[in-house]
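Worth knowing before you read on, the calculation uses all heavy atoms, side chains too, and leaves out hydrogens, waters and symmetry mates.
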Amino acid sequence: ASPITVTGITNGVSYTFTVIATNANGNSQPSTVSNAVTPSATFAPANDNFANAQVLTGATGSVAGTNVNASKETGEPDHNNNVGGASVWYTWTNTGGGLVSFDTCGSTLDVVIDVYTGDSVDALNNVFVGRRACPFGQPGAYVEFDVPATPRPFFIAVDGLNDGSGAATGDFTLNWR
C-alpha cells in the first residue's frame with residue numbers, strides 16, 4: 001500500500017476514485033470504485049493567536065471578523081470570566097486620551113470582548129472588566145474604557161460566549177470609537 005497525493009480537487013466536492021496500476025508489463029484492470037470522499041480544509045483565522053493580533057488603526061473604525069475555527073491558546077485568560085474557547089485578537093494604539101469603546105453591536109454572534117495591555121498572552125493586564133449589553137436591545141457585546149493621553153497598545157480579544165456547550169462561533173463586525 002503506497003499513499004498517493006491527488007491535486008486539483010476542490011474542498012466540499014464529493015469524489016470517487018479507481019486505481020490502475022502500471023508497470024513494465026502494462027496496466028492492470030481498474031479497481032472497484034472507492035467510497036465517496038469529500039475533502040475539506042479548516043483554517044483558523046489569521047488573528048487566532050495573540051502574537052498575530054490584527055492591527056486596527058484610527059480613532060474610529062469597523063472591521064469584519066470571524067472566530068470560526070479559532071481556538072484558545074495555552075495561558076490565555078478567560079475573557080469576562082467566561083471560558084470561551086474561540087478567541088481572535090486585535091491590537092489598537094490610542095493617539096490621545098479619552099473614552100474609547102469597542103463593540104460588536106448589531107452582530108448576531110454572542111461574544112465576549114475583553115481589553116488588555118501586556119506583551120504575551122500569558123502575562124496580560126485586564127483593562128476592562130465586565131460585559132455590557134449593546135444599547136437599544138441590539139445583539140452583541142460592548143466595552144468602554146478610558147485611555148491615557150500617551151499612546152500605548154491595547155489588545156482586544158473577541159471570544160465566543162460559552163454557555164457550557166462550547167464557544168459560539170461565526171462572523172461579526174468589530175466597531176471602535
Engineer: Hey, are N126 and D114 close enough side-chain-wise for a donor-acceptor pair under 3.5 Å?
Structural biologist: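 Yes, N126 and D114 have a side-chain donor paired with an acceptor closer than 3.5 Å.
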Engineer: If we ignore angles and hydrogens, is there a donor and acceptor under 3.5 Å between the side chains of T104 and N175?
Structural biologist: no
Engineer: Any chance you could measure L161, atom CG, to I113, atom CD1, to the nearest 0.5 Å?
Structural biologist: 11.5 Å
Engineer: What do you reckon, are the aromatic ring centroids of F102 and F154 less than 6.0 Å apart?
Structural biologist: no
Engineer: Is it possible for you to say whether V158 and V63 belong to one hydrophobic cluster, with membership spreading through side-chain heavy-atom contacts below 4.5 Å?
Structural biologist: yes
Engineer: Sub-3.5 Å donor-acceptor pair from the side chain of T169 to the main-chain atoms of V68, do we have one?
Structural biologist: no
Engineer: For the side chain of T66 and the backbone of G170, is there at least one donor-acceptor N/O pair under 3.5 Å apart?
Structural biologist: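 Present.
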Engineer: Can you tell me if N69 and T42 form a side-chain donor-acceptor pair at under 3.5 Å?
Structural biologist: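 T42 and N69 do not have a side-chain donor-acceptor pair below 3.5 Å.
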Engineer: Do V19 and Y15 land in one hydrophobic cluster if side-chain heavy atoms of ILVMFWY residues count as linked below 4.5 Å?
Structural biologist: no
Engineer: Determine, using the 4.5 Å side-chain heavy-atom cutoff (strictly less than), whether W176 and V88 are members of one ILVMFWY cluster.
Structural biologist: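 W176 and V88: one cluster.
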Engineer: Can you find a side-chain donor-acceptor pair between S101 and D103 that sits under 3.5 Å?
Structural biologist: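 Per modelled atom types, S101 and D103 side chains form no pair under 3.5 Å.
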Engineer: Please name the pair of heavy atoms, one in N94 and one in G96, separated by the smallest distance, quoted to 0.1 Å.
Structural biologist: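 Heavy atoms of N94 and G96 come nearest at ND2-O, 3.3 Å.
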Engineer: Consider only side-chain heavy atoms of I, L, V, M, F, W and Y, link residues closer than 4.5 Å, and tell whether L99 and Y142 are in one cluster.
Structural biologist: no
Engineer: Applying side chain to side chain donor-acceptor pair (under 3.5 Å) between K72 and each of N162, D78, D159, report the one that passes.
Structural biologist: D78
Engineer: What pair of heavy atoms forms the shortest contact from G85 to A167, and how long is it?
Structural biologist: N-CB, 3.9 Å
Engineer: Any chance you could measure R152, atom CZ, to T93, atom OG1, to the nearest 0.5 Å?
Structural biologist: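 OG1 of T93 is found 10.0 Å from CZ of R152.
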Engineer: Considering non-hydrogen atoms only, spot the tightest contact between I9 and P39 and give its length.
Structural biologist: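 Minimum heavy-atom separation between I9 and P39: CD1-CG, 3.8 Å.
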Engineer: Using atom types as modelled and distance alone, determine if a side-chain donor or acceptor of N23 lies under 3.5 Å from a backbone N or O of N25.
Structural biologist: yes
Engineer: Using 0.5 Å steps for rounding, measure from the OG1 atom of T60 to the CZ atom of R177.
Structural biologist: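 Reported to 0.5 Å precision, the distance equals 8.5 Å.
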Engineer: Begin with the C-alpha distance, continue with both residues' side-chain angles, and end with the deciding distance and a verdict on side-chain contact (heavy atoms from CB on, under 4.5 Å) for W92 and V55.
Structural biologist: CA-CA 6 Å; W92 175 82; V55 176; over 6 Å; no
Engineer: Using every non-hydrogen atom in the two residues, find where P153 and T91 come nearest and quote the distance to one decimal.
Structural biologist: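 Minimum heavy-atom separation between P153 and T91: CB-OG1, 4.2 Å.
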Engineer: Is it true that a side-chain atom of D163 and a backbone atom of S165 form a donor plus acceptor pair closer than 3.5 Å?
Structural biologist: yes
Engineer: Decide if the gap between the ring center of F155 and the ring center of F50 is smaller than 6.0 angstrom.
Structural biologist: yes
Engineer: Under a single-linkage definition using a 4.5 Å side-chain heavy-atom cutoff for Ile, Leu, Val, Met, Phe, Trp and Tyr, are L56 and V121 assigned to the same hydrophobic cluster?
Structural biologist: no
Engineer: I need the minimum non-hydrogen distance between P139 and C134, along with the two atoms involved.
Structural biologist: O-SG, 3.6 Å
Engineer: Can you list the steps and then say if Y116 with N125 is a side-chain contact (heavy atoms from CB on, under 4.5 Å)?
Structural biologist: CA-CA 5 Å; Y116 303 91; N125 300 304; over 6 Å; no
Engineer: Between the side chain of N67 and the main-chain N/O of A168, is any donor-acceptor distance below 3.5 Å?
Structural biologist: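 Yes.
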Engineer: Return yes if a side-chain donor-acceptor contact under 3.5 Å exists between S87 and E76, otherwise no.
Structural biologist: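 Indeed, the side chains of S87 and E76 share at least one donor-acceptor pair under 3.5 Å.
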Engineer: Within this structure, what is the CG-OG distance for the pair D171 and S107, rounded to the nearest 0.5 Å?
Structural biologist: 9.0 Å
Engineer: Name the orientation class of the two ring planes belonging to W89 and H79 (parallel below 30°, tilted from 30 to 60°, perpendicular beyond 60°).
Structural biologist: perpendicular
